Amino acid sequence: VNDEATRLRIQDILMVVGDGLSVRQKANLNRAIIRGFRNENWAAERVKKARYLWGRLKDLDLPVVHPAGGHAVFIDAAELYQRLPEESHPEKAFLVQLYLDSGIMAGENMLTPFQRKQGIKMMRLALPMASYNLTQMDYVAQSIGRVWKDRDKLRGLKKIKELPCVSGAFLAEFELK
């Protein structure tokens, strides 16, 4: 597409109705989801691992959101805003540091409009089904604990690019300050 405005509108539509996956990839994803739901042990193991990780993080005095989720652990990120101003993107800065230190990927939790209005800030550690064992959950907990302990050293991020469209915030680019 040669017209930037048209390209951005198409990008917004794809973010809502399309996911960029080929038909084959969608079929593989569908099979994996069906297999996961048919195997109740996988789901039970995922819940067990989420509760285990939640407990480990709680023992490390991280502000985990109560109760533990069945598929993820949520960390209250409000304290990060006492250390870094909002324009330094504290949650993203923490998550980038976590990735740089340990290779662990996590994300900001997408909030409802009500949660945003309440000033809620959360990070989400989603656990895939049937992938990791408890020893690996220990590594995740220790890594998150280390970055949390050193959160005063977070440098923050500077937004360098955001496209002028609805999906622009999802595709924004940042650099370390």
Side-chain angles (χ1 to χ4, degrees), residues 11-12 14-17 19-21 29 32-33 36 42-43 45-132 136-152 154-159 162-163 165-176:
Q11 181 176 302
D12 284 342
L14 288 174
M15 289 290 289
V16 174
V17 297
D19 49 24
L21 297 176
L29 182 59
I33 290 170
W42 282 9
E45 280 296 310
R46 186 181 196 190
V47 170
K48 177 182 169 184
K49 290 171 192 167
R51 288 182 179 159
Y52 179 82
L53 178 59
W54 181 88
R56 288 294 319 268
L57 294 174
K58 187 173 189 235
D59 291 345
L60 293 170
D61 292 325
L62 268 84
V64 289
V65 175
H66 299 267
H71 72 291
V73 174
F74 298 87
I75 298 173
D76 182 349
E79 186 177 324
L80 296 174
Y81 286 80
Q82 298 168 9
R83 297 166 185 328
L84 286 173
E86 189 159 353
E87 62 271 10
S88 291
H89 309 279
E91 292 160 290
K92 285 179 177 61
F94 180 89
L95 296 167
V96 165
Q97 194 61 51
L98 177 64
Y99 179 74
L100 291 174
D101 286 359
S102 63
I104 295 169
M105 291 192 290
E108 295 172 284
N109 189 49
M110 294 186 68
L111 302 171
T112 66
F114 176 76
Q115 290 171 319
R116 259 191 242 100
K117 190 186 288 187
Q118 300 296 317
I120 294 171
K121 308 284 187 189
M122 285 191 286
M123 295 178 288
R124 179 175 179 255
L125 302 153
L127 303 175
M129 291 183 21
S131 292
Y132 300 106
Q136 291 164 318
M137 292 295 101
D138 288 333
Y139 172 77
V140 170
Q142 291 164 2
S143 299
I144 294 168
R146 269 193 315 275
V147 176
W148 188 261
K149 182 180 174 191
D150 291 337
R151 63 193 176 278
D152 287 332
L154 292 175
R155 297 182 358 220
L157 299 176
K158 176 183 175 188
K159 188 182 291 185
E162 182 174 348
L163 299 173
C165 56
V166 175
S167 60
F170 292 103
L171 304 170
E173 295 177 21
F174 298 84
E175 65 183 11
L176 290 170

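Side-chain atoms are counted along with the backbone in the values below, which use heavy atoms only and exclude waters and symmetry mates. Keep in mind the model is a prediction, meaning the values are calculated, not measured.
Between Ile104 and Ser143 the shortest heavy-atom distance is CD1-CB, 3.6 Å. A pairwise comparison of heavy atoms in Ala141 and Arg56 identifies CB-CB, 3.6 Å as the closest pair. The nearest pair of heavy atoms linking Glu79 to Arg151 is OE2-NH2, 2.5 Å. Scanning all heavy atoms of the two residues, the minimum distance from Ala106 to Arg124 falls at CB-O, 3.4 Å. The two atoms that bring Pro85 and Pro90 nearest to each other are O-CD, 3.6 Å, heavy atoms only. A pairwise comparison of heavy atoms in Ala50 and Gly69 identifies CB-O, 3.3 Å as the closest pair.
No more than 12 heavy atoms of other residues, nucleotides or ligands sit less than 6.0 Å from atom CZ of Arg51. Other residues, nucleotides and ligands contribute more than 12 heavy atoms inside 6.0 Å of the OH atom of Tyr139. Within a 6.0 Å radius of CD in Glu86, other residues, nucleotides and ligands contribute 12 heavy atoms or fewer.
Taking CZ from Arg155 and CD from Gln97, the interatomic distance works out to 8.0 Å, rounded to the nearest 0.5 Å. Here the CG-CG distance, from Asn109 to Asp76, works out to 11.0 Å after rounding to the nearest 0.5 Å. Separation of atoms CG (Leu53) and CD (Gln136) is listed at 12.0 Å; rounding is to 0.5 Å. Note that CH2 of Trp148 and CG of Leu57 are 10.5 Å apart. Values are rounded to the nearest 0.5 Å. Rounded to the nearest 0.5 Å, atoms CD (Gln115) and CD1 (Ile120) are 5.0 Å apart. Rounding to the nearest 0.5 angstrom, the gap separating the CG atom in Asp150 from the CG atom in Asp101 is 8.0 Å.
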Inset, instruction - For Ile75 and Ile144, run side-chain contact (heavy atoms from CB on, under 4.5 Å): C-alpha distance rounded to whole Å, both residues' side-chain angles, the deciding distance at 0.1 Å, then the answer. - result: CA-CA 10 Å; Ile75 298 173; Ile144 294 168; 4.0 Å; yes
Inset, instruction - Take Val96 and His89 through the side-chain contact (heavy atoms from CB on, under 4.5 Å) test and state the conclusion after the steps. - result: CA-CA 11 Å; Val96 165; His89 309 279; over 6 Å; no
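The main-chain N or O of Ala72 is never found under 3.5 Å from a side-chain atom of Trp54 such that the two would form a donor-acceptor pair.
Contact check for Met137 versus Leu127: side-chain heavy atoms found under the 4.5 Å cut-off. For the pair Leu95 and Met123, the minimum side-chain heavy-atom distance is below 4.5 Å.
Because its NZ or CZ atom is both nearer than 6.0 Å to the ring centre of Tyr81 and within 45° of the ring axis, Lys121 counts as a cation-pi partner of that residue.
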